[in-house]
Structures are given as structure tokens and as C-alpha cells.
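Take a look at the structure set out below.
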Amino acid sequence: MPARQLAAQTVPATGGNVVSTDKIGAANGVAGLDAAAKVPQAQVPTPKITVGPTAPAAPAVGDVWIDTN
């Protein structure tokens, strides 16, 4: 199969699917990537881990509960 060249397109200055560089790795922005194309550990939230016989009253998304019953 012969290679095909993509048509040139301009990237809009605002809007669309564009992320400005000041949002990369910033709070309420998007995660950046390190040299290995992975999200740096500093940008991954630490889950709250609860160990006990009853579930937490108000768990947050990403929290972990280990049932000891």
C-alpha cells in the first residue's frame, strides 16, 4: 500500500481540541509526560487507604477500603 500524505491543517489559536502549554502539569489542567511517555508520579494523586471492619462514611473517588471482616 503506497504512503499517503495528510492534508495540511492549521491549528486554531483557541477552542477546539487544543491544550495550551501552561495547562500541562498544572492544577486543573492536564497531566504531562516524562521522557518515557508516562505521567510523572508527582502528577498522580495518592489515594486514601482505609483498613477496618466498616466502610468509610464519605469515600472519595479513588479511595481504597480494605475490609478486615
Side-chain angles (χ1 to χ4, degrees):
M1 173 180 264
R4 295 186 306 174
Q5 184 173 358
L6 297 175
Q9 295 181 347
T10 58
V11 177
T14 59
N17 295 324
V18 178
V19 176
S20 61
T21 55
D22 64 327
K23 298 292 184 193
I24 299 173
N28 295 320
V30 297
L33 300 177
D34 62 15
K38 296 183 186 266
V39 176
Q41 185 64 39
Q43 293 180 24
V44 177
T46 303
K48 178 181 174 189
I49 299 175
T50 303
V51 179
T54 57
V61 173
D63 287 353
V64 176
W65 169 48
I66 300 172
D67 186 352
T68 57
N69 282 333

* To do: Report the C-alpha distance between Val39 and Leu33 in whole Å, list the side-chain angles of each, state the deciding distance to 0.1 Å, and finish with yes or no for side chain to side chain contact (heavy atoms under 4.5 Å, CB included).
  => CA-CA 5 Å; Val39 176; Leu33 300 177; 4.1 Å; yes
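- Around CG of Asn69, the count of heavy atoms belonging to other residues, nucleotides or ligands within 6.0 Å exceeds 12.
- Trp65 places no side-chain N or O within donor-acceptor distance of the main-chain N or O of Pro59, the cut-off being under 3.5 Å.
- Looking at heavy atoms from C-beta onward, Ile49 lies in side-chain contact with Ile66 at the 4.5 angstrom threshold.
- Under the 3.5 Å distance criterion, the side-chain polar atoms of Asp63 are left unmatched by any main-chain donor or acceptor of Pro47.
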